2 protein chains.
Amino acid sequence: MTPDLDRLFQALGDPTRRAIVDRLAEGPASVSRLAEPLCVTVTAVAQHLHVLEQCGVVRTEKVGRVRTASLVPDGLTPVERWARDRRSMLEKRLDRLAEILGEGD
Amino acid sequence: MTPDLDRLFQALGDPTRRAIVDRLAEGPASVSRLAEPLCVTVTAVAQHLHVLEQCGVVRTEKVGRVRTASLVPDGLTPVERWARDRRSMLEKRLDRLAEILGEGD
DNA sequence: CTTATACTGAAGTGTGGACTTCACTAAAGG
DNA sequence: CCTTTAGTGAAGTCCACACTTCAGTATAAG
């Protein structure tokens, strides 16, 4: 079910990948630029970018020999919406429950 | 960094675990109740519940021989906030960019 | 043309995690 | 007491995945 969310959550479960997203939130960057502050090879970063691209979080474009990565505007909204929906569902249920218990007075 | 978010995102990256959360959003349930619609053993569900408990999404209580699981009210908010923060950061940056480009007219 | 840079592809390694089975404990119910 | 029900613990299997190295390719610079 919903392999999109699968890949999305799984992608964000990796600390290196979230660090990349954090960096890209401040602006586009090249592969080697992204690799600098992280303790991994450039190859690893390229692989991470591929994963993030696959699940719609990141977009990359290669010009010359430099590949520049940037965040996709609505790439994280599915995550946000999923969490928000569950929370509101739970809150509604708890409200109803509180109401029913309140009638006992 | 932030092992909380690590475990949280990684936990939600598993479809079976998200299915459990979905089910619990409708109300508390026992281990075997949760296992019924899923194609896994009761043991697997118990293990999943342990994971979800570790990262603060689920709470369980055993009374008699039945363990009942329920959602923790704010268990998903770190995810929601993380995604929202990145989105708003990106949007602000794009707005500034658009403004600067707009001055070109 | 030569050299340095920026990345890519393939292949291998090692670890973690999802899942199972099996044996077991404990509580309900007849 | 005996049996069913509900879950637990340990151990093992299997696969995915993060990461590396190494050998390339293509572009930029001197």
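Below, read A as the first sequence line, B as the second, and so on, with proteins coming before strands; counting in each chain starts at 1. None of these values were measured; they are calculated from a predicted model.
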Which atom pairs link the protein and nucleotides 25-30 of chain D when you take only N or O atoms and keep those under 3.5 Å?
from    : atom 1 : to       : atom 2 : distance (Å)
dT27(D) : O2     : Arg65(A) : NH1    : 2.9

ring-ring contact (aromatic ring centres under 6.0 Å, His included): which pairs involve residues 54-105 of chain B, sequence neighbours left out?
-> Phe9(B)-Trp82(B)
Give every residue pair that meets the salt bridge (Lys or Arg N to Asp or Glu O under 4.0 Å) criterion with at least one member in residues 56-69 of chain B, sequence neighbours excluded.
-> none
Exercise answer: donor-acceptor pairs, residues 23-42 of chain A side-chain atoms, under 3.5 Å, sequence neighbours excluded:
from     : atom 1 : to       : atom 2 : distance (Å)
Arg23(A) : NH1    : Gly27(A) : O      : 3.2
Ser30(A) : OG     : Arg33(A) : N      : 3.2

Under a 4.0 Å heavy-atom cutoff, the residues of residues 20-27 of chain B touching DNA chain D are none
Tell me the side-chain hydrogen bond (donor to acceptor under 3.5 Å, both in side chains) pairs involving residues 43-58 of chain B, sequence neighbours left out?
-> Arg17(B)-His48(B), Glu53(B)-Thr60(B)
Is there a residue in residues 45-54 of chain B whose heavy atoms reach under 4.0 Å of DNA chain C, and which residues are they?
-> Gln47(B), His48(B)
Pairs touching residues 68-84 of chain B that satisfy salt bridge (Lys or Arg N to Asp or Glu O under 4.0 Å), sequence neighbours left out | Arg87(A)-Glu80(B)
ring-ring contact (aromatic ring centres under 6.0 Å, His included): pairs with one or both residues in residues 54-78 of chain B, sequence neighbours excluded = none
Tabulate protein N/O versus nucleotide N/O from nucleotides 22-24 of chain C, keeping only pairs under 3.5 Å, one per line.
none

Quick one: salt bridge (Lys or Arg N to Asp or Glu O under 4.0 Å) partners of Asp85(A), sequence neighbours excluded?
-> none
ring-ring contact (aromatic ring centres under 6.0 Å, His included) pairs touching residues 15-40 of chain A, sequence neighbours excluded, are none
